[in-house]
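All remarks here apply to the structure that follows.
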Number of protein chains: 2
Amino acid sequence: MSSTKTCSTSLSTANVLEAALSGDERQGRLAAGQDPAKRQQILEGADRVFSTMGFDAASMNDITREAGVSKGTIYVYFDSKEELFLELCIGYRDKLFSGIYSAFEGNHNLRDALIAFGKALSIKVTSDMVIRSQRVVIGVAQRMPSMSRSFYEQGPKKGQAIVKAFLEKHVAAGDLEIEDTELATHQLSDLMMSGLFKRRLFGFTDKEPTEEEINRAVIGGVDMFLRAYGKR
Amino acid sequence: MSSTKTCSTSLSTANVLEAALSGDERQGRLAAGQDPAKRQQILEGADRVFSTMGFDAASMNDITREAGVSKGTIYVYFDSKEELFLELCIGYRDKLFSGIYSAFEGNHNLRDALIAFGKALSIKVTSDMVIRSQRVVIGVAQRMPSMSRSFYEQGPKKGQAIVKAFLEKHVAAGDLEIEDTELATHQLSDLMMSGLFKRRLFGFTDKEPTEEEINRAVIGGVDMFLRAYGKR
DNA sequence: AGGGGATCGAACCACTTGGTTCGAAAAAAG
DNA sequence: CTTTTTTCGAACCAAGTGGTTCGATCCCCT
């Protein structure tokens with residue numbers, strides 16, 4: 001252990017503090033390890049390294065090089081390789097499910113809404129960035145169970161709840177006939193990416209799906225879903 | 001532990017050689033690096049280590065310890081850590097899809113056949129062993145693309161071909177009405193494990209699914225499939 | 001202009017890595 | 001038995017690991 005005693009976990013507390021202390025533009029000299037831009041710079045470099053090497057094969061020297069930040073500075077912002085990784089994974093998880101579920105709003109036609117949602121979902125989930133981050137998380141799931149579990153809980157699971165609520169609304173409205181809405185929720189999400197997701201995850205295709213491929217899966221999936229659960 | 005090996009997988013070269021040299025029981029002194037039992041012993045130890053640590057975090061010393069074989073001997077049987085890993089992955093892939101597709105035979109009723117297949121598939125794919133090996137393969141997919149691609153091609157993709165042929169047979173027989181059988185193949189496989197696979201892969205649940213959970217997904221999936229594609 | 005502190009960068013630390021070497025032990029062959 | 005050869009086990013290697021230290025910069029603030 002050692003000298004440098006800068007408040008370790010920082011960030012949120014510091015930001016909150018700043019915001020509380022001064023409502024106007026806060027531009028004073030930043031304490032060590034408190035510059036959000038530098039923090040971001042480190043995270044972006046770490047992202048590039050982790051998402052191509054995985055956690056274990058990535059070295060802090062690689063990250064140093066890729067981020068263009070000295071090693072000492074990195075260790076002022078983050079206490080350890082693992083902590084840096086954990087924060088990055090939170091970013092992965094949040095990025096994964098941003099701006100998908102808004103597709104439900106604005107489309108009053110059920111089929112259109114499902115298709116819009118399906119496209120947004122499957123485009124994002126099969127994108128290079130997201131596939132790489134999923135690989136990294138899955139790769140360490142065995143040894144870091146709590147983190148990958150929280151990744152799933154805070155990410156996919158929350159998304160499922162939104163979909164489920166949407167389906168239940170339409171069941172109540174009489175558009176859909178579903179007994180097991182939870183199961184139907186998973187079925188819908190899986191159908192949206194049938195034939196796309198696993199191929200990408202296992203690296204069978206290193207190119208993102210084309211628009212045709214997305215359409216084929218999504219429209220095919222939605223139509224199947226509606227044929228099975230649509231009111232007849 | 002160890003020994004008692006039906007040497008079901010791998011070591012093809014050694015077997016072929018033996019078989020070619022003598023038709024009768026071959027029991028002479030084995031050349032260095034040629035004992036199938038020892039080879040298997042190494043592979044089993046390596047399996048335990050790789051599938052809990054992943055490729056990069058696993059060390060050859062760990063494997064030495066776990067397999068109960070000296071390091072020198074390991075390097076007589078395998079040229080490098082990576083080669084050992086590659087051979088192990090071939091074992092993973094072969095184990096994954098053994099004995100699943102036989103479920104199609106014997107059930108003349110379409111629904112029963114689909115359910116039998118679905119149960120076999122989803123039980124195997126969500127089992128501890130197979131989940132772990134999938135995590136390992138996915139974890140290195142970014143850096144060893146050719147190997148994970150071949151894993152997918154020789155494994156899941158071949159399985160899909162069998163399912164597709166089965167579906168096409170029933171389309172021809174008039175039991176099913178499917179336009180895009182390839183898509184339907186993926187849909188069927190994904191539906192069999194809806195709500196089970198990803199949870200397991202991300203470590204959200206560390207227990208294998210119960211029989212009820214399997215039934216719920218499989219029967220729900222098959223019924224949905226038949227409602228969408230069954231002849232009306 | 002000058003002082004203070006965040007950042008740099010390179011050396012450094014103890015330790016582990018994949019891989020090799022080599023004499024001793026073990027076991028099968030003759 | 002002796003010989004032969006695989007295996008053991010431990011030492012060994014160079015390279016790289018995560019992490020620390022420290023003087024030299026550089027930049028912001030007064």
Side-chain angles (χ1 to χ4, degrees), chain A residues 1-8 10-11 14 18 22 25-43 45-46 49-50 53-88 140 143-144, chain B residues 2-3 14 25-43 45-46 49-50 53-88 140 143-144:
Chain A
M1 293 322 163
S2 60
S3 41
T4 65
K5 227 39 232 282
T6 64
C7 74
S8 1
S10 62
L11 191 61
E18 281 182 16
S22 70
E25 100 291 333
R26 179 100 184 81
Q27 211 44 301
R29 166 74 91 113
L30 295 151
Q34 299 298 345
D35 183 351
K38 185 124 285 192
R39 194 182 187 88
Q40 190 60 26
Q41 186 182 345
I42 297 171
L43 283 170
V49 178
F50 279 132
M53 316 281 286
F55 177 75
D56 294 294
S59 89
M60 291 304 273
N61 285 326
D62 295 338
I63 295 177
T64 277
R65 203 175 308 121
E66 197 67 30
V69 170
S70 88
K71 215 172 170 183
T73 303
I74 292 188
Y75 276 97
V76 168
Y77 280 78
F78 300 92
D79 283 349
S80 65
K81 184 188 182 186
E82 186 163 325
E83 199 190 281
L84 170 55
F85 178 67
L86 291 181
E87 181 152 336
L88 198 56
V140 299
R143 274 180 315 138
M144 305 172 57
Chain B
S2 72
S3 9
E25 102 292 338
R26 177 105 183 81
Q27 211 41 301
R29 166 77 93 119
L30 294 152
Q34 298 297 345
D35 182 352
K38 186 125 284 195
R39 193 183 188 88
Q40 190 60 26
Q41 187 182 343
I42 296 171
L43 284 170
V49 178
F50 278 132
M53 315 282 285
F55 177 76
D56 294 294
S59 89
M60 291 304 274
N61 285 327
D62 294 338
I63 296 176
T64 277
R65 202 174 310 120
E66 195 68 30
V69 170
S70 90
K71 215 170 171 184
T73 305
I74 292 188
Y75 276 98
V76 168
Y77 280 79
F78 300 92
D79 284 348
S80 66
K81 185 188 182 186
E82 185 162 326
E83 199 190 280
L84 170 55
F85 178 67
L86 291 181
E87 182 152 334
L88 199 56
V140 299
R143 275 180 313 136
M144 306 172 57

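Just so it is clear: chains get the letters A, B, ... in the order the sequence lines come, proteins before strands, and each one is counted from 1.
- Contact annotation: B/Y77 side-chain N/O to D/dT6 OP1/OP2 distance is not under 4.0 Å.
- Taking atom CG of residue A/D35 and atom P of nucleotide C/dT7, one finds them 6 Å apart after rounding to whole Å.
- Using modelled atom types, one side-chain atom of A/Y77 and one backbone atom of A/D35 make a donor-acceptor pair closer than 3.5 Å.
- Side-chain nitrogen and oxygen atoms of B/S70 include none within less than 4.0 Å of the OP1 or OP2 phosphate oxygen of D/dT7.
- The separation between A/D56 atom CG and C/dT17 atom C1' is 13 Å, rounded to whole Å.
- Donor-acceptor pairing under 3.5 Å, judged by distance alone, is absent between the side chain of A/K81 and the base of D/dG19.
- Between the side chain of A/K71 and the base of C/dG9 there is no donor-acceptor pair of N/O atoms closer than 3.5 Å.
- Nucleic acid contact for B/A57: none, since no nucleic acid atom lies under 4.0 Å from a heavy atom of the residue.
- Where B/K38 and A/G72 each meet DNA chain D at their nearest nucleotide, the meeting point lying more 5' is that of B/K38.
- Under a 3.5 Å cut-off, the side chain of B/K38 and the backbone N or O of B/V69 do not form any donor-acceptor pair.
- A/S59 has no side-chain polar atom (N or O) that falls below the 4.0 Å cut-off from OP1 or OP2 of D/dG16.
- Atom pair A/F85:CZ and D/dT17:P shows a separation of 17 Å (rounding to whole Å applied).
- Using a 4.0 Å heavy-atom cutoff across all strands shown, A/T64 reaches no nucleic acid atom at all.
- Applying the ring-ring contact (aromatic ring centres under 6.0 Å, His included) criterion to B/F78, with sequence neighbours excluded, gives no partner residue.
- Nearest nucleotide to the A/T73 side chain, out of D/dC8, D/dT17, C/dC8: C/dC8.
- Partner of B/I42 under the side-chain contact (heavy atoms from CB on, under 4.5 Å) criterion, out of B/L84, B/L88, B/T64: B/L84 alone.
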